[in-house]
Each structure stands twice: as C-alpha cells, then as structure tokens.
Amino acid sequence: MKGMDLYERLDSELEALRERGAYRRLPVTPEGLCNLSSNDYLGLSRDEALRETFYAQLQGEDRLLSSASSRLLTGNTAAARALEADLAEMYGAEAALAFDSGYHANTGILPALVGPRSLVLADRLSHASMIDGIRAAGCKFFRYRHNDLGHVRQLLERHAGEYDEVFVMTESVFSMDGDRTDLRALAALKRDFPNVVLYVDEAHGVGCFGETGLGCAQEEGVLQDIDLLVGTCGKALCSMGAYVICRQVVREALVNRMRPFIFTTALPPINLAWTRFVLRALPGMAARRVRLRELGQRLAEAIRETGRECVSESQIVPFLIGGNEAAAQAAEQFRAAGFHVLPIRPPTVPEGTARLRFSLTADLPEEAFGRLLDLVRHG
Ligand SMILES: *Cc1c(COP(=O)(O)O)cnc(C)c1O
C-alpha cells in the first residue's frame, strides 16, 4: 500500500490541531503595550544605564560574539571560567557549570548522572525540559501530585530502599501558577531518606528571591541541602544560558558525560560576561525584588477578591477564566486597555482551566498597575 506523502500527513495532523483549538502560532509582540507576558522580571531589558555600564567596561576577549567551539575544544573561555568561579563563590558551593540554556541543562544533567539503580520522583507539573531529561535518562520514575510533599514521603517510604539513590525533582516557583515549593520541607526529607538527591529548578526564582537574589533556596536558607540547583539566565537575569550549582565530582561527571554540554558550541564570551555582570549587580537590586513581590501580592489579592482561586506566591499570577474562547476574549479586552497578556490554554493547562498568565516586572509603573487592578476587579 502506498503511504501518504509526508507533507500531506503533516497537513492533516496540523488540521487536527486546529480543530482541537491547540494549534500554535508564533505571535508578534505588539509595540506600545505594557508587556505582561515576558520573563524579564527585574525589568533589566529596559535598564539602559546598566547595559551601557557593561559595554563601557567590556574588554579583550570578553567582547567576542562567538566562542567558536565546544567547551571541551577551545570554547573554555576566560568568561566561562570567571562566571563559574563567581557562581560557586556566591552560592557557597564547591562548583558550578554553565550551559547554553535551561533546556540544555534539564535535558542533559539527569541522563549524565543516573545509574542502573536510580529512581526519579518529579512533581507532576514539572517543566517540559525536566520531563525530557527524565525520559532521556531512561530510569524508573514516578510523577508525584503537584506540590504534595506528603506524596513524595509516601513514595520514598515505599521505594527508597530498593534504589541506590532517589532524585527528587521540582521547580522552586512553578511557571504556570506561580506557586512555590516548600523547600525547607523538601530539604527535611533528606534527614529521613539519606539517599535522596535534591534537584531544584530555580528558573523563576533566580534574581527574584533571596537576600542577594540567588533564589528561593537562599531565601529559605537551604542552599546547602540542594544537591543540584539549576538557575537560568534568560529570565530575571536578562541574559541567556543556565547553570548548575553542585559538588565538584558532579561537575566532573557532567563535563565527561553530559551530551548537551559536550556536543554544542559554548555561549559567546560577551554573553557569559553579561551574565556575570548582572549576577554581580544582583545584591544591589533588593528594592526591585521588594517591588516585584509587592506587585505579585497585590495582583493575587485583587484576583481573589473577585472570587477566583489564585495560588500565586510570586511574580507569576494566573487569572483563571475557564473556557478557551473566554480566555482569548479576556486577553483581547486587556489588550484593548493597553496590556499585552497571553491566554494559556489546554493542553498546556488542564481542560477547563484556560487562563491569563500575568508575568510581572519590577519596573511596572504604579499608574499602569493601578489600571490593571481596576480591570481585574471590574472587567
Ligand atoms: C524557562 C524554563 C526553562 C528553560 O530555560 P531556557 O534557558 O529558556 O532554556 C527550564 N525550566 C523552567 C522551569 C523554565 O521555566
């Protein structure tokens, strides 16, 4: 039997997506609107003075726009080494390793570390990159109920003894609902189950939480308990890339075995230098973190006043609508009022829970924020 032509098959599969209302398009971000859909939480992309200060002090090889090879060939630049040395020192850790993106980090770390007797427990709502990493690792895994550390404990009681080590994976701030993991309770699990290895993705925590902006683990005083702390640089840090904070032996294992680290071109020195520059400026941005926290709390409060549930404990604030069509209309209404906010629909979120997802930034003017609160309250 003659098979369908590739292009015909793709056409009909895409048509099926359209019929389910799950077809994705690349949106063009409108100009002149207040952007409530970016991850630029500290508003650094609009801080020209910061950027100009960076350019003014940029020297020598740090100016290069390409590293022209993998870290294992000639891409192990001074910028990469300096960034990792700074990161390890800031976090008070043995080692740090930089990656090209959070996606690379999460898809590569676990496969490089698991052994024949490893188990993985991951929050059901973990980011796709973590799920892809678990799949690539190919070991036994369970997804526990979202943010239910009681469920983690149950699974550990039942299974921890059968495995050499159990990787427990979560995000510190969840990307869809902006709720947070109780990292102290998570750390406490290690006292009862010594073979637990904690893997925490701080993509939405870095820059926004902690006394010097290192993330939720710093704020909760558990930095020493997290075995693998992944931070990303494309969000609050206004850069590109990612890193893991870990023990030296873990770093060496990753350098030897992690495929998305080994088989890709290292980030350009200028980019690594910018990440390092922003990281060093983070302790001085406490006022921005306070403002961001305050905006998140006030918006979540206004949403709760409308009778909606809102579990947000961060700068990410969901506004539940329900139906897919209604969510699209609500986004349109905010747009007409000058706010760019995107509807999030199934399958990204469960059926019947389509929503708007507000992603706040610390430089949002009070006047605009006041109008946003009015819209949320009165439609
Ligand atoms: C954004 C994100 C990533 C991916 O990071 P990139 O640097 O954008 O590839 C990983 N994990 C979580 C939780 C994220 O939100």
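Atoms within a ligand are numbered from 1 in the order they appear, just like the ligands themselves. Note that this is a predicted model, so its numbers are computed, not measured. Numbers here are sequence positions counted from 1.
With rounding to the nearest 0.5 angstrom, the CG atom of L342 is 14.0 Å from the CZ atom of R355.
Between the side chains of Q297 and E301, no donor-acceptor pair is found at a separation under 3.5 Å. In summary, the side chains of S67 and T77 do not present any donor paired with an acceptor at a separation below 3.5 Å, with no hydrogens or angles considered.
Of the possible polar contacts, none joining the E202 side chain to the G215 backbone as a donor-acceptor pair under 3.5 Å is found.
By the 4.0 Å N-to-carboxylate-O rule, R289 lies too far from E219 to be salt-bridged with it.
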Need the list: ligand 1 N/O atoms against protein N/O atoms, distance under 3.5 Å, rounded to one decimal.
| unit_1 | atom_1 | unit_2 | atom_2 | d |
| --- | --- | --- | --- | --- |
| ligand 1 | 7 (O) | G102 | N | 2.7 |
| ligand 1 | 9 (O) | G102 | N | 3.1 |
| ligand 1 | 9 (O) | Y103 | N | 2.9 |
| ligand 1 | 11 (N) | D201 | OD2 | 2.6 |
| ligand 1 | 15 (O) | H204 | NE2 | 2.7 |
| ligand 1 | 15 (O) | K235 | NZ | 2.6 |

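Note: F358 and F319 have tilted aromatic rings, judged against thresholds of 30 and 60 degrees for the angle between ring planes.
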